[in-house]
Enquirer: 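Pasting in a structure now, in structure tokens, and then I'll have a few things to ask.
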Amino acid sequence: MTGNDVRRKFLEYFEKHHHQIVRSSSLVPHDDPTLLFVNAGMVQFKRLFLGEEKRGYSRATTSQKCVRAGGKHNDLENVGYTARHHTFFEMLGNFSFGDYFKEKAVDFGWDLLTNGYGLPADKLWVSIFLDDDEAAEIWHRQIGVPEDRIVRFGEEDNFWAMGDTGPCGPCSEIHLDRGEAYGCGKPDCALGCECDRFLEIWNLVFMQFNRDASGEMTPLPKPSIDTGLGLERMVSILQDVPTNYDIDLIVPIIERAEALSGIGRNASHEAEVAMKVIADHSRAAAFLIGDGILPSNEGRGYVLRRIMRRAIRYGRNIGLTKPFLHETATVVFDVMKPEYPELAEAEAFITNVIQNEELRFSETIDYGLKLLNETLDEMKVRGETVVPGDVVFKLYDTYGFPVDIVQDVVRDQALGVDMDGFNVAMDRQREQSRQVSSFDEISDAFRTLTADGFKAEFRGYDGIEAESKVVLLVSDGTEVTEADTGAAVDVVAEVTPFYGESGGQVGDVGTIAGPQGKVDVTDTVKDPTGLIIHKGRVVEGALRTGDAITLSVDEDKRRATQLNHTATHILHAMLRKVLGDHVKQAGSLVAPDRLRFDFTHFSQVTPEELDRIEWLVNERIRENAPVTIDEMDAEDAFQSGATALFEEKYGDRVRVISLADFSKELCGGTHTDRTGNIGLFKIISESSVASGVRRLEAITGNAAVEQMQHTHHIVRDAARMLKDTPDSLLQKLEGVIAGQKSQEKEIERLKAKIVGLQADDTADTIQKVNGVSLLVKRVAVDTPGALRDLADRYRDKLKSGVIVLGSAVDSKVLLIAVVTKDLTDRFHAGNIVKSIAPVVGGGGGGRPDMAQAGGSKPENLDQALKKAEELLSGD
RNA sequence: GGGGAUGUAGCUCAGUUGGGAGAGCGCGGCGUUCGCAACGCCGAGGUCGAGGGUUCGAGUCCCUUCAUCUCCA
């Protein structure tokens with residue numbers, strides 16, 4: 001049975017038992033800021049379990065993409081060294097939302113394992129929570145598992161909780177005894193042993209309590225089921241192979257690594273580890289990038305970067321010094337194509353991103369090697385043989401140069417590394433970073449409201465005004481019953497026409513009028529549960545909870561925003577048409593005054609392409625296509641080929657926005673009703689955001705017309721100033737610039753000439769003191785540079801001597817002292833200016849042969865020069 | 001969220017108590033050559049990331065800010 005068969009069989013089994021097959025959600029969790037990546041099957045159903053969300057089914061089954069790296073669950077450092085750790089894996093699961101409970105869950109699990117997958121019932125063990133007698137009863141009486149194969153474990157192993165508070169409950173795990181051959185051989189080897197004999201394969205969570213802040217647990221009215229069966233692990237059992245890395249979903253990746261390196265995975269322990277790391281990380285990288293994450297220096301992108309770099313580093317251990325990860329990732333597409341066709345579609349983009357990262361990392365390594373070698377050279381000069389730990393740490397911490405590569409290099413040169421020192425520095429850094437991190441907390445008031453089942457109704461698709469009632473007022477993060485004039489306030493209403501910021505479209509602005517007061521709404525946001533919060537300030541009277549209110553959206557701004565939003569959809573479609581199907585939306589901002597669109601593309605969009613895109617978008621606008629909006633089931637929408645975005649969350653009912661036959665997108669935003677309303681579309685900039693992602697900014701409607709007029713005025717006025725027509729403006733400007741250049745040159749030449757003339761006029765001022773030529777003179781130049789030039793000329797003339805020049809410019813004084821090289825042992829230019837500069841109220845300094853100074857008392861310049869003469873004569 | 005580093009010519013970078021903005025490669029012109037490569041000579045190209053401060057004077061010191069890199073959480 002292939003891995004893909006195992007997955008299919010699971011989903012089909014539960015579909016047969018009236019479960020909705022739900023597609024895997026993106027690896028990026030949409031509404032959970034505390035979670036870096038989706039790491040379990042239940043994540044996308046969290047709000048269903050909490051009762052905050054309802055969907056059209058009460059039973060579901062999924063094969064969920066999961067990543068465990070970088071967050072609370074971090075298996076990154078284990079991958080390669082164990083049989084079953086992954087950063088990326090798939091979790092099969094069946095879920096009941098207040099439908100069936102323990103009995104059926106146990107029944108399904110056992111039936112599928114024994115009858116479906118054909119596992120021997122007498123090799124299956126079951127663990128349950130200490131006092132969950134109900135579960136024990138079901139397993140023993142209903143299923144017939146002998147009592148000696150039912151084991152009770154404590155809270156650590158068999159009690160599950162979503163967090164410190166919320167739904168929780170006991171769980172029950174099904175284990176498989178693979179026989180002594182897989183065991184550690186110890187006499188006390190039994191279920192729970194760390195070895196590979198007893199494999200935990202399926203975890204059934206019985207969600208039956210709700211735990212409050214005080215720790216008290218109350219029974220849930222509708223208990224639920226959440227189960228998790230690791231696909232890779234299950235496949236390894238059914239294919240009867242020793243590790244997850246021997247299954248047909250992964251072996252092809254390893255085989256590619258073997259082919260590329262020319263080394264077999266069994267060649268050495270090192271090779272074995274490297275192959276596993278490469279196989280796992282290739283999968284993680286392919287899927288993470290496929291879900292829209294790009295390598296970066298923070299957050300999710302940084303975790304992705306670390307995963308890729310870890311793979312590259314291990315690749316070096318088996319001689320893969322050139323970029324290879326994009327090749328092993330290609331195998332991932334082939335293997336996973338049946339279940340994840342969208343991954344294969346993005347192949348070009350994903351491999352490109354990986355290759356870029358490989359090149360970037362090799363730059364990091366090259367630079368680190370350079371720094372390391374410099375350090376080693378210095379050490380050798382000093383006769384040291386151990387690289388200090390803080391040096392290694394600095395290379396790692398600041399330049400990202402991996403420690404194991406330091407060790408390789410150092411070993412080759414028969415030197416040592418102070419790893420203890422490194423670890424001390426590392427621990428210090430950890431300690432330092434572990435200071436409590438405070439992240440934005442959603443006010444408790446909002447949370448309570450949502451938990452009580454309140455749902456604000458959005459009525460802004462059809463109108464911009466609504467009558468409603470104040471449900472909640474929050475000021476300074478705490479709930480209030482009244483907000484007075486001047487107070488900043490967050491308002492929640494029963495119904496609202498205000499669009500809360502989401503999907504790139506900014507929140508509406510407008511006013512809320514109550515019986516005794518008015519609030520200016522400056523922004524509208526949507527919290528993760530969909531609660532619409534109006535943010536504003538009371539500008540008149542006061543607003544109280546329960547007030548009847550009229551909510552009015554600023555019409556002009558909303559309308560402008562709608563034009564930009566519809567234009568964004570047209571732009572998206574035309575980008576794909578002009579640049580290719582690899583173009584995918586990577587971010588979007590739709591504001592009243594402009595739109596910004598980030599998308600995946602490998603190179604700069606040429607000016608010609610930009611023109612063509614702009615032209616096509618405007619053509620679509622002139623077609624005046626109707627904007628049709630359909631609400632439908634998400635599955636139907638996907639089937640119909642509507643474009644969905646990876647960073648967006650979609651419920652089961654979605655809105656599909658269609659523009660004639662050229663655009664069909666899932667979108668919750670507000671749109672204009674015909675493309676012709678947009679009027680005019682103008683691109684105003686094209687830039688890069690990250691490698692592989694470009695950004696376009698554009699304007700529409702009035703803003704676009706104003707922009708055109710503005711630039712037209714500039715050209716017209718410029719032409720008028722140059723007494724020319726706009727068409728020949730550029731030619732004219734070229735001439736003007738050329739003329740200016742030559743004049744500047746002429747000025748330079750003349751200045752030099754003037755300086756030369758001044759320099760010629762010196763005979764009378766050169767004095768001979770003790771055989772040394774001295775020139776002390778007041779001159780008329782206006783910049784330090786000119787003064788230097790002049791001094792240089794004198795020096796060239798004198799061949800040997802000391803020159804001190806001074807010049808008064810406005811309220812400032814410039815001084816310079818030059819000593820020819822042959823005299824620097826007797827005179828120090830720096831000391832000369834230092835001693836005379838105070839006379840003009842300044843200071844100065846410089847090199848022995850040249851020094852400058854300045855001052856703010858021009859009236860004392862002659863006095864200062866006199867002092868210089870005395871100083872030099874007195875030598 | 002906390003730390004470290006970098007930002008100077010188209011590119012790679014140098015710039016040492018604060019005192020003439022530089023190198024190599026690339027680019028343009030000329031020369032040598034039948035031609036090319038190579039070489040020689042000449043030349044263009046810089047808001048020293050941005051803003052503020054200290055100073056007579058800031059690429060250099062201080063503060064703020066942006067961008068990039070990097071480690072930790």
Enquirer: Now, which nucleotide makes the Watson-Crick or G-U wobble pair with B/rU16, with each of the two distances under 3.5 Å?
Expert: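 Here B/rU16 is not engaged in any pair, so there is no nucleotide opposite it.
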Enquirer: Identify the pairs formed between an N or O of the protein and an N or O of nucleotides 10-19 of chain B at a distance under 3.5 Å, and give each distance.
Expert:
from, atom 1, to, atom 2, distance (Å)
B/rG19, N9, A/G845, O, 3.2
B/rG19, N7, A/G845, N, 3.4
B/rG19, N7, A/G845, O, 2.7
B/rG19, N7, A/G846, N, 3.4
B/rG19, O6, A/G844, N, 3.4
B/rG19, O6, A/G844, O, 3.1
B/rG19, O6, A/G845, N, 2.5
B/rG19, N1, A/Q852, O, 3.2

Enquirer: Take the protein atom CG of A/N356 and the nucleotide atom P of B/rC69, then report the distance between them rounded to whole Å.
Expert: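 That distance rounds to 12 Å.
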Enquirer: How far does the P atom of B/rA44 sit from the matching atom of B/rU32, given to the nearest Å?
Expert: 23 Å
Enquirer: If you look at every heavy atom in A/L815 and A/A837, which pair is closest and at what distance?
Expert: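 The answer is CD1-CA, 4.0 Å.
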Enquirer: Taking atom C1' of B/rU6 as reference, at what distance in whole Å does atom CG of A/D397 sit?
Expert: 14 Å
Enquirer: Are the charged groups of A/R795 and A/D849 less than 4.0 angstrom apart, N to O?
Expert: no
Enquirer: What does A/R309 touch in the nucleic acid at a heavy-atom separation under 4.0 angstrom: a base, only the sugar-phosphate, or nothing?
Expert: sugar-phosphate
Enquirer: Can you say whether the rings of A/F88 and A/F287 are parallel (under 30°), tilted (30 to 60°) or perpendicular (over 60°)?
Expert: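 Aromatic pair A/F88/A/F287 classed parallel.
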Enquirer: Does the structure show a Watson-Crick or G-U wobble partner for B/rU55, both distances under 3.5 Å? Name it, or say none.
Expert: none
Enquirer: By nearest heavy atom, map A/V813 and A/Y396 onto RNA chain B; which one lands nearer the 5' end?
Expert: A/V813
Enquirer: Between B/rC69 and B/rA23, how far apart are the two C1' atoms, rounded to whole Å?
Expert: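 Taking atom C1' in both B/rC69 and B/rA23, they lie 25 Å apart.
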Enquirer: Rounding to an integer number of angstrom, what distance separates B/rU65 and B/rG1 when you compare their P atoms?
Expert: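 Result for the P pair: 13 Å, nearest Å.
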Enquirer: Taking only side-chain N and O atoms of A/Y302, does any of them lie within less than 4.0 angstrom of OP1 or OP2 on B/rC71?
Expert: yes
Enquirer: Expressed as a whole number of angstroms, how long is the span from A/E431:CD to B/rA73:P?
Expert: 11 Å
Enquirer: Name the pairing partner of B/rU68, where a pair is Watson-Crick or G-U wobble with both distances under 3.5 Å, or state none.
Expert: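 Partner of B/rU68: B/rA5.
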Enquirer: Quick one: which residue pairs count as a ring-ring contact (aromatic ring centres under 6.0 Å, His included) with a foot in residues 837-861 of chain A, not counting sequence neighbours?
Expert: none
Enquirer: On a whole-Å scale, what distance lies between the C1' atoms belonging to B/rG43 and B/rC48?
Expert: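 Each nucleotide's C1' atom is 23 Å from the other's.
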Enquirer: Would you mind reading off the distance between A/K394 atom NZ and B/rC69 atom C1', rounded to a whole angstrom?
Expert: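 One finds 13 Å between C1' of B/rC69 and NZ of A/K394, rounded.
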Enquirer: Could you check how far CG of A/N74 sits from C1' of B/rC72, rounded to whole Å?
Expert: 12 Å
Enquirer: Side chain of A/R360, heavy atoms from C-beta onward: which of B/rG4, B/rC69, B/rG57 has the nearest atom to it?
Expert: B/rC69
Enquirer: Checking base pairs now: Watson-Crick or wobble, both atom distances under 3.5 Å. What partners B/rC25?
Expert: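 Result: B/rG10.
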Enquirer: Quick one: which of B/rG20, B/rC69, B/rG57 gets closest to the side chain of A/D792?
Expert: B/rG20
Enquirer: Salt-bridge test for A/E357 and A/R309: reply yes if a basic N is under 4.0 Å from a carboxylate O, no otherwise.
Expert: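 Yes, charged N to carboxylate O under 4.0 Å.
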Enquirer: Could you work out the separation of B/rG18 and B/rA58 based on their P atoms and round it to a whole Å?
Expert: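 The same atom, P, in both gives a distance of 13 Å.
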Enquirer: Could you measure between the two C1' atoms, the one in B/rC34 and the one in B/rG15, and give it in whole Å?
Expert: 46 Å
Enquirer: Nearest whole angstrom, please: distance from the C1' of B/rC56 to the CD1 of A/I836.
Expert: 12 Å
Enquirer: Minimum heavy-atom separation for A/L27 to A/P29, with atom names?
Expert: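 In this case the closest contact between A/L27 and A/P29 is O-CD, 3.3 Å.
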Enquirer: Nearest 0.5 angstrom please: A/I816 CD1 to A/D789 CG, how far?
Expert: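 CG of A/D789 is found 9.0 Å from CD1 of A/I816.
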Enquirer: Separation of A/Y399 atom OH from B/rC71 atom C1', in whole Å?
Expert: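 Between C1' of B/rC71 and OH of A/Y399: 13 Å.
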Enquirer: Looking at the side chain of A/D789, which of B/rG20, B/rG57, B/rC72 is the nearest nucleotide?
Expert: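 Among the listed nucleotides, the one closest to the side chain of A/D789 is B/rG20.
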Enquirer: Between B/rU8 and B/rG51, how far is it from one P atom to the other, in whole Å?
Expert: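 That atom pair is separated by 15 Å.
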Enquirer: Does any nucleotide pair with B/rC39 by Watson-Crick or G-U wobble geometry, both distances under 3.5 Å, and what is it?
Expert: B/rG31
Enquirer: How far does the P atom of B/rC36 sit from the matching atom of B/rG22, given to the nearest Å?
Expert: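 B/rC36 and B/rG22 have their P atoms separated by 33 Å.
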Enquirer: Considering only side-chain heavy atoms of A/Q429, which listed nucleotide, B/rC56, B/rA5, B/rG2, is closest?
Expert: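 Ranking B/rC56, B/rA5, B/rG2 by closest atom to the A/Q429 side chain puts B/rG2 first.
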Enquirer: Using side-chain heavy atoms (C-beta onward) and a distance below 4.5 Å, is A/K322 in contact with A/E358?
Expert: no
Enquirer: What distance separates A/D404 CG from A/R313 CZ, expressed to the nearest 0.5 Å?
Expert: 4.5 Å
Enquirer: Any side-chain N or O of A/R430 under 4.0 Å from OP1/OP2 of B/rC72?
Expert: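 No, A/R430 has no side-chain N/O under 4.0 Å of OP1/OP2 on B/rC72.
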